[in-house]
Structures are given as C-alpha cells and as structure tokens.
Amino acid sequence: MATECKDYDFQKIEPHWQTFWEENKTFRTMDDTSRPKSYVLDMFPYPSGSGLHIGHPEGYTATDIVARYQWARGFNVLHPIGWDAFGLPAEQHAVKTGAHPRANTEANIKTFRRQLKALGFSYDWDREVNTTDPGYFQWTQWIFLKLFQHGLAYVDERPVWWCPELKTVLANEEVVDGRSEVGGHPVERRNLRQWVLRITAYAERLLAGLKDLDWPDSTKRMQEAWIGRSDGAEVRFKLAAPAPGELRIFTTRPDTLFGCTYMVVAPEHPLVPALTVPVQRAAVEAYRKTAATKSDLERTDLAKEKTGVFSGSHAINPVNGARVPIWIADYVLMGYGTGAIMAVPGEDQRDWDFARTFKLPIVRTVQPPADFTGEAYVEDGPAVNSANEEVSLNGLGVDAAKERISDWLERKGLGQRKVNFRLRDWLFSRQRYWGEPFPIVWVGETDYRRALAHREVPQPKDPVAYTQDGRTLYALVLPESALPLLLPEVTSYLPSGMGESPLANVTAWLEIWYDFATGAAMPASSPRPAGDTWIRARRETNTMPQWAGSCWYYLRYLDAKNARSFVGREAETYWMGSRPAVRDQSALTSSTEKNAPTDVGGYRTQGVDLYVGGTEHAVLHLLYARFWHMFLHDLGVVPQPEPFRKLFHQGIILGEDGEKMSKSRGNVANPDAVIHEYGTDALRLYLMFLGPLEAMKPWNPRGIEGVFRFLNKVWRECIGEDGRPHPKISTAATDAPELERLLHETIRKVGEDIEGLRFNTAISQMMIFVNAVQKAPTVSRRTMLAFLQLLAPFAPHLAEELWARLGEKPSILHAPWPVYDAAKLVVEQVKLVFQVNGRFRGDQLVPIGLVETEAVALARKNPRVMPHLAGKTVKKVVYVPGRILNLVVE
RNA sequence: GCCCAGGUGGUGGAACUGGUAGACACGCAGGUCUCAGAAGCCUGUGCUUAAUAAGCAUGGGGGUUCGAGUCCCCCCCUGGGCACCA
C-alpha cells in the first residue's frame, strides 16, 4: 500500500498517492443524495500558455483543504474543476501561427491538468468541463436562445475600438495610450452592431439579492456601487416657443427645482437638432463632432474644464415658470437618466463650475450655515427661495422638501418619483473567431413573418432587427434541436477587415438556405432545397464573449455528462437547492452551528457552499453569473435565485521584492520548481502558512524551509531510522495529560480554523502539537493517528503515507474526522496576571475559581508586586477572574 | 475627489468579546553531535542600559479607560475599487 521509503522521500511518496487516488477514484462525488452535501468551488482557470502560476494553487489549496475536511466529516463533496478555454490569447496565437486555436487550447489544458494533478487536489475529474467543448457550449447557446426568446437580448450600435491599420476591432486591453498594443497604430471609436443583454431589467433584484449572501462586504459594496441605484424624480420641462414639445430630466434633488437656472442636454441627445436655433447651428455641430471623437475617458478623467455650447432654446421651469436656457455639454452623459439635466449651480458643484465658466446665474435654494465657505452647498439645510402660489418648501430639510415637491409634481402631472440605475446593459458580442457562435440567422421581413407564423420556434414579442444599406434584417433564433451550432473551419484567423469576425469570410457557412422549421442549412451557392420552410439567410458573425461560458459552469458540474439538459433536475435540487439544515453529528457542533448557513426557517439556504476566487472578478463575472442564474430561476429551471451563497477572495501573492509578479520583473515563483525541490505538501502548506488567505503577501523562498522541516519532523516522529513505525508510538502508551489536552485543543483549533478559512493559524497549532510530541518520551498510536487526520487536508500525501505505515487502511480522507472532548480542555489552574496601575508586575498560577480577596492577598505577597505597593494605598481593585488583577494605587 | 481594506521585531505573521504585545515560522548568535560538514537537537533573540531591574515600544498626534494593537477624533503612508451617474 504505502511506499517503503526510509526517509521523507516526497518524490516517491507524492506520485505514489496521486496514482492511488486516481486508480481508486477516491474523490469521486457520490450519487447518494441522502447524504448531506457540500459544494466547494474554485473559479476555473483560463488555460494560458504559460501554465499555472503560484496564485492558482493558493486559492485551490484553500478549497482543497475544505473539501477534504468535509469528506472526513461525512459530507458528500462536490469539488470539480474545468477550463474557461475560449478567449483572446488562443486566438492571437492562432493568428500568429495559423494553427487552429483548439490545438493550442488543448495543449495548454494538458499542461494545466498535469500541474493540478501534481498538486494533489481532490477534484472529481469525471466532472471536468470545458467551455469550448460543443457538448458544453451547446448549453451556453441554449441559455442565450432563452434570453433571446424572452426579449432580454437585442442588437444595438455600440462604440468599439477600431484600428484602421489592422482593420480589426480591439479589446480594451489591446489598446494602450490610444494606440494598438500590436504595432502601435492609432485607434478610433467606431459604432458597430452589437448584441446586448438586458441585465438592467434585473438591476433591482441583483441589488436586493446581495443582502442575504455570505460575501465579503467590500465585494457587496462594489456590486452595489456598480448597479448604482439612485432615487429621485423625473420632471418634464415644457420647451419655450418656438421649440415644440418638452424635455424630460432625471434628478435626485427635486427639492432644488426652484434653483434651476439653466438646463443641459448631452451632445448625443436626440432633441439637439430640434433645440438648436439657426445662428447656433454651426457651433453646436462643431461641438457635437469633437465630443463624438472623445472617448469616455477623455470626457471624464482628463476634462476638468467644463465645456459646452448654447442651443439657443429655452425651457420653462414647471415650478416657477422661469425661462431657462438650454445648453449642450459633454459633462452630461447620454447613457444615464434621460441624457438631460436641470442645472442647479447653487447645490451642485459640477453645475456651479459650468455656471461660472459661462456666466450663468446661481440661486441658492438651501441655506448654507453661516460659516460655509465653499461653492455649491450639497449638505442638508432649510430650503429657501422655494415657493410658488401652490407649494412652499421654505424651511423644510432636504428630505422633507423632496417629499413635498414630488407629491406636488405628481399631483400636477409634471413629473413623478423615479429610480435610476448606473448599471448599463451588457455588451455581449465580440468580433472574434474563438468564441461561441450565436444561434441566430438574419432574414428579410417577409421570411421573418413566415417563420413567425410557424410557431414551433418561439421568437421574442418584439422582433430584433437592424437596418443596413436600406435593408432591414430580422433575427431568427435557431430551434433547440439545431444546437450546438459549431464553429466552421476557417483558412485564416484574421478578421474580415470590415469589422466583422473571421466567420464573415466563410461564405459557405455564412450565406445559407435555412430551414426555419428544423434549423437545417445549405450553402446559398447550392440550389434552394425543396419545401416552403427554406428561406435565404445570413448567419450572425459575432461570437459570444468569454464571460458567457463562465456564467453557468458551476451548474454544469452538477451533471456534467447530461446530454438532454444543461443540468438534471434531481442533481440541481440536491446540490444547489433548499434542503433541511444538516444536523451535525460531530462535537464541532457549536462552531459549525455558528457558521451554519441557515435562514429563518432553519433551512439551509441554497447555492454553492463555498466559492473561492480572486477579487478581480468581484463585479463582472459574479454579477453576470447572478444575472443568468436569476433568469434561469425565472424560467423555472433552477429552484433558487442566487448561485453562490458563500464567497471568499484569496489575496494575491507578490514577488520576493514585494512587487506584483511579472515576467518582466523576473520575480515569478514557479510552482513546478518548488514541487521538485520540496514537494507538493510543502508547497501547499507554505502557501497556507504565508498569512491570512485574503491578504496580499510576498513570496519568500526561504520561508518554505520552515514548513518543510515541519513535515520532516512529522515523518521522524512516526517512522524510525529503519523505516518501521517509530518505537515511541505504542498502542499501550497513555499520553501525559498535557499532551492529551494539547491534542484536544489542536483538534478544536484546526477544525474551527478550517471552517473560518484561517489556515495559517491552524498550521501553527499543528506545529505546536508536533513540538510537544517530539519532547514526549512516548505517544499513543491513537493520538498520532488523530493528528495525522488533522494534517491530512493540508499535507495529504504525507498523511496518507504515514496513516498506511501505521497500519491503517487508506484513504485517510474517509476516516471520520476526530472529535474533541470539551472535558479534556478544562484546566484546574490558570495564570493570573498582576498589574499595578495597569502595568504588568508579575503573574502566578492560581486555582480556577479564586475569589477576589484571595487574589489580592496573593498579589500583596508576590515579591515582584510588593515593591510597587510599598507605601501606597490601594484605591481600586479590578479583578477579572482567570485573567488579571489590577491594583490601582495612589 | 469619493468609498473600502490595511500599516505590529531584521522578515512573514499571531493576539478571543479592551486584559502579560510579538504565538508559530524565517533569519541571526551561541552551544551540542561529528574527523569535518549537512541534517537534527538545546539555548538566546523587539529596542535602550552592566543588568534576571527599569524605561520605551503596534504609522504619527490627541482622547476615553484601572487597563488600548484592539474603541473615538485628526493626520500621514500603502493597496484595491469608483470617478462629471445629475
């Protein structure tokens, strides 16, 4: 079973047990749904060409410890891994080499798989997923299809980075200082037709759902800020003649309406042409042009000076009938609210700045305090100058004034209360090859109507269409049975040159006869097939972004091989759904209960039990995945609204120099090299010993010596020089009470620390224990075995080896986790600290229930305390039994 | 500018609800074993002073308290997020 090494020969031991686990499928998740479950999830990696870096094993070791701990505690554990394998680097590699990105991706996955296996992680490899596998992305396409059918996907013109020299669209990260990363060519913003997902429809729920999640507060706050809910009112301003109609604005400060002295609309606002009077036309046109070429960054970050141009028109302030000029300025963004604002320079610094620049009047409607020296006054205070014949806000605080004016506006039909979100819809297409193709074809109006009449494939209520060169095309979704829609083979991975993906060059795939009943296709170059369900169509050439596959992979793991559904109902309910709270059989009850995920009904709330990954995904990935999950919940295909109940971010590991690891700095730690020199167990242990999991911490190659010595020490305490179990370990031996106490203390501490993800202190406790064992002349076999079990989640190879060497049957993982005896932790004597005036002046072992008078008497007799009391009177005594006795003297 | 997290020995880091600051490691010094070395083991190691005695020490400055790394106020630094969001 075990190896026969005489020394701690990790190079033999580690592969030996990795083979054992693989052959015995030790970590295969059980089908037994009567067992309590634990779903321990890592953020799956993008298999890059450079292989695993040291940050991967950090988070992965943490979850591996939890997973192994949960196995030992009798849970059915789901601990899977997979590959987020679509994406830009593979495509760039393909462009460079001409080889299919699939080949490169597969080679990288192979390396990653080998490296992860060498780290001894307890993954259930039978559930491996790969986002580029047609059996997987079939369901990514399926979810998109559902989103489309429910009106949550549409097309829109959106600006992207375009490089005229390279004739391609660039991602943000490919643009450096306004030039292409490759070649350094100038880039520009260009509008392209894009797919967009209506995530904003879920804004309110995405915000509300955060409340019940066990996530880091900072992450919740980031999501809140990203969604950016603000409460206010939408108000309609009539335009002054001769301009017709009205201008709608959103404001969070309707109480300041009386202070509105001008208005601003965004340069892109559709009303701009109508508002512009002839004498201003040239100036407005010029201004619009400059604004259009500016990126968002230039419009915000760099432009501290306010710019703008007068339209020539006026609007009527609905509260006081004042004629206010309408300006056009780029400090108002078209994408937020209505793209138009009422400007109240007295209570808004941006408006103040603008008003100053263009010499516009300023009226205060909130009285600042007498000592106020600033410009715009944004704090609370009594309203002033705010009354008309029907309503007066004067004297009211901001909140009360908001209420009164909102009531009035609603009563008069001039506006209403309104909630606005900062969150924008999600740009969901890329002009790339290496991504999921959209299950969409574009057809003419007549064909679209015919297909619509054919009710087999539901289409959205409102058609998705766009017009190009005078022709309107309609988006028709493929039937489910036609999925997966595969990527066609291409001869070149270079983009089309026209702003479309390389798919636009594959004419036989692109231009087709399409059967809307079955989704079947024939190249348009061939004769039209017989049957009246065949129509002329053009496929969608965009592909989905990398986010798509990672939005739902945690669901695929539950039922990775299901060919009929993206996840089976039963598996889904068991692993993600609500179920009665697990009654914990172990003595860890108290600590477990404390962290137990329960809601008011005493039921386990749903979702992944632990999800660990970097902060870099705090907003986008986690928000997008929540959005899809909520949508699937609404479809009725998943029973719970939130995917990840508990989330944790591991901190990043810095280079030795305290700087971010990077190849150019040459401070990258290579896991393979460390494993070769010290072994996986030492690497795992060291990664966890480095500091708190969430902290950012520097890598110190010398520090690994410490944990490596610790592992050697464990070996030497278990195995004698002859390679046989160490003679000091015996079945007959009874441990000294202190050692026994320490064992129980260690069981308690390690268990609690694993649950709290405090692995560094768990390891230090195990070191303390082993140091004690080393000093003890004998140790009972039972004690040693219990300790090995505690060590097993951290250093599984060594633990398995010693467990087997001591005559136990592998795997140690399935031996029930040790239980501590609270009675063993009770002590009779405690150290009482004596203080005089709060300063340490000595200590003494005292019996546990010592009363105050006796404690004081002991202190007075203590030789170190006495000098500090000499000639003084004790004014006050503070006694905390078992802790301190503080004598306050004159 | 706004929001958040953090600042503890030569180093990584411990410290429960305010109760001996520096656990556990790294490093360093001395010792032991050895022909010698490596490994192991033992001892010491925050700073100041001859001190087992005292004083000073948790980014800086104030405060609350018998007692503050921990709580409150101001400031400095580092990291992360957001950035004209009306």
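Numbers restart at 1 for each chain; the letters A, B, ... are given by sequence-line order, proteins then strands.
- Residues forming a side chain to side chain contact (heavy atoms under 4.5 Å, CB included) with A:Val856 (at least two apart in sequence, or on another chain): A:Glu852, A:Arg860, A:Val877, A:Leu885, A:Leu887.
- Checked against the 6.0 Å centroid criterion, the rings of A:Phe689 and A:Phe710 do not qualify as a close aromatic pair.
- Only the C1' atoms considered, B:G80 is 45 Å distant from B:A54, to the nearest whole Å.
- When distances are taken from the side chain of A:Pro692 to each of B:C82, B:G13, B:C26, the shortest belongs to B:G13.
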Q.
Run A:Lys713 and A:Asn771 through side chain to side chain donor-acceptor pair (under 3.5 Å) and show every step you take.
A. CA-CA 9 Å; A:Lys713 197 183 283 189; A:Asn771 288 343; 2.8 Å; yes
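- Between the NE2 atom of A:His649 and the C1' atom of B:C4 there is a distance of 12 Å, rounded to whole Å.
- Residue contacts shown for A:Asp353 are absent, as no nucleic acid heavy atom lies under 4.0 Å away.
- For the C1' atoms, the distance from B:A14 to B:U64 is 27 Å, rounded to whole Å.
- Remark: A:Arg883 is not in phosphate contact with B:G67, judged by side-chain N or O atoms under 4.0 Å from OP1 or OP2.
- Between B:A25 and A:Asn771, a contact under 4.0 Å exists linking OP1 or OP2 to a side-chain N or O.
- The base of B:C82 lies outside donor-acceptor range of the side chain of A:Arg422, with no N or O pair under 3.5 Å.
- Annotation: A:Trp352 is not in aromatic contact with A:Tyr377 [ring centroid separation under 6.0 Å not met].
- Between the side chains of A:Glu305 and A:Thr357, no donor-acceptor pair of N or O atoms lies under 3.5 Å.
- Rounded to whole Å, the separation between the C1' atoms of B:G69 and B:U20 comes to 14 Å.
- Note on A:Lys220: nothing from the nucleic acid sits closer than 4.0 angstrom, heavy atoms only.
- With salt bridges taken as basic N to acidic carboxylate O contacts below 4.0 Å, one links A:Glu752 and A:Arg748.
- Test A:Ile249, A:Asn317, A:Ile341 against A:Met263 for side chain to side chain contact (heavy atoms under 4.5 Å, CB included) and you get one pass: A:Ile249.
- Nucleotides B:U17 and B:C72 have their P atoms positioned 14 Å apart, rounded to a whole Å.
- Atom CZ of A:Arg248 and atom C1' of B:A86 are 15 Å apart (whole Å).
- A:Lys831 has no side-chain polar atom (N or O) that falls below the 4.0 Å cut-off from OP1 or OP2 of B:G19.
- Nucleic acid contact for A:Asn420: none, since no nucleic acid atom lies under 4.0 Å from a heavy atom of the residue.
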Q) Starting at the 5' end of RNA chain B, what dot-bracket string do you get if Watson-Crick and G-U pairs under 3.5 Å are bracketed, crossing pairs use [ ], other-strand pairs use | and unpaired bases use dots? A) (((((((..(((......[....)))((((((.......))))))(((.....)))..(((((..]....))))))))))))....
Close N or O pairs between protein and nucleotides 41-49 of chain B (under 3.5 Å):
| unit_1 | atom_1 | unit_2 | atom_2 | d |
| --- | --- | --- | --- | --- |
| B:C41 | OP1 | A:Gln774 | NE2 | 2.7 |
| B:C42 | OP1 | A:Lys775 | NZ | 3.4 |

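- Nearest-nucleotide positions on RNA chain B for A:Lys697 and A:Arg253 put A:Lys697 closer to the 5' end.
- Between the CG atom of A:Leu742 and the C1' atom of B:A23 there is a distance of 13 Å, given to the nearest Å.
- One C1' atom belongs to B:A29, the other to B:G46, and the distance between them is 16 Å to the nearest Å.
- When the C1' atom is used for both B:C77 and B:G61, the distance is 15 Å, rounded to whole Å.
- Nearest to the side chain of A:Tyr331, among B:C84, B:G79, B:G80, sits B:C84.
- Summarising the geometry, the separation between CG on A:Leu654 and P on B:G6 is reported as 17 Å, rounded to the nearest angstrom.
- Taking atom C1' in both B:G13 and B:U49, one finds a spacing of 30 Å when rounded to whole Å.
- The separation between A:Lys749 atom NZ and B:A15 atom P is 6 Å, rounded to whole Å.
- A gap of 10 Å separates the C1' atoms of B:U70 and B:U58, to the nearest Å.
- Atom CD1 in A:Ile249 sits about 12 Å away from atom P in B:A86, given to the nearest Å.
- Using modelled atom types, one finds a donor on one side chain and an acceptor on the other under 3.5 Å when comparing A:Asp425 with A:Thr200.
- The main-chain N or O of A:Leu693 is found under 3.5 Å from a side-chain atom of A:Lys697 such that the two form a donor-acceptor pair.
- Residues passing the side chain to side chain contact (heavy atoms under 4.5 Å, CB included) test with A:Val830, sequence neighbours excluded: A:Val827, A:Val846, A:Ile848.
- Spacing between atom CD of A:Glu347 and atom P of B:C84 amounts to 22 Å, rounded to whole angstrom units.
- Projected onto RNA chain B by closest heavy-atom contact, A:Ala225 and A:Ser218 fall at different nucleotides, the more 5' of which corresponds to A:Ser218.
- At the heavy-atom level, A:Phe421 lies nowhere under 4.0 Å from the strands shown.
- Here A:Arg221 lies in heavy-atom contact (under 4.0 Å) with sugar-phosphate atoms only.
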Report, one pair per line, the protein and nucleotides 55-57 of chain B atoms (nitrogen or oxygen only) whose separation is under 3.5 Å.
| unit_1 | atom_1 | unit_2 | atom_2 | d |
| --- | --- | --- | --- | --- |
| B:G55 | OP2 | A:Arg841 | NH1 | 3.4 |
| B:C56 | OP2 | A:Arg839 | NH1 | 3.4 |
| B:C56 | OP2 | A:Arg839 | NH2 | 3.1 |

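- A salt bridge links A:Lys728 with A:Glu717; the closest basic N to acidic carboxylate O contact falls under 4.0 Å.
- For A:Ser230, whose side chain is taken as the heavy atoms from C-beta onward, the closest listed nucleotide among B:A86, B:U17, B:G13 is B:A86.
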**Q.** Working for salt bridge (Lys or Arg N to Asp or Glu O under 4.0 Å), residues A:Arg417 and A:Glu403
**A.** CA-CA 9 Å; A:Arg417 288 176 172 84; A:Glu403 290 304 312; 2.9 Å; yes
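- Rounding to the nearest 0.5 Å gives a distance of 8.0 Å between CG of A:Asp231 and NZ of A:Lys402.
- A:Lys306 places its NZ atom 12 Å from the C1' atom of B:A83, with the value rounded to the nearest Å.
- Judged by distance alone, with hydrogens and angles left aside, the side-chain atoms of A:Asn667 form no donor-acceptor pair with the main-chain N or O of A:Glu656 at under 3.5 Å.
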Identify all pairs in which a protein N or O lies below 3.5 Å from an N or O of nucleotides 64-66 of chain B, and state each distance.
| unit_1 | atom_1 | unit_2 | atom_2 | d |
| --- | --- | --- | --- | --- |
| B:C66 | OP1 | A:Lys876 | NZ | 3.3 |
| B:C66 | O2' | A:Asn886 | ND2 | 3.3 |
| B:C66 | O2 | A:Asn886 | ND2 | 2.3 |

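- In this structure, the nucleotide among B:G79, B:C24, B:C82 sitting nearest to the side chain of A:Trp226 is B:C82.
- A:Tyr331 carries A:Lys306 over the face of its six-membered ring, with the cationic atom under 6.0 Å from the centre and within 45° of the normal.
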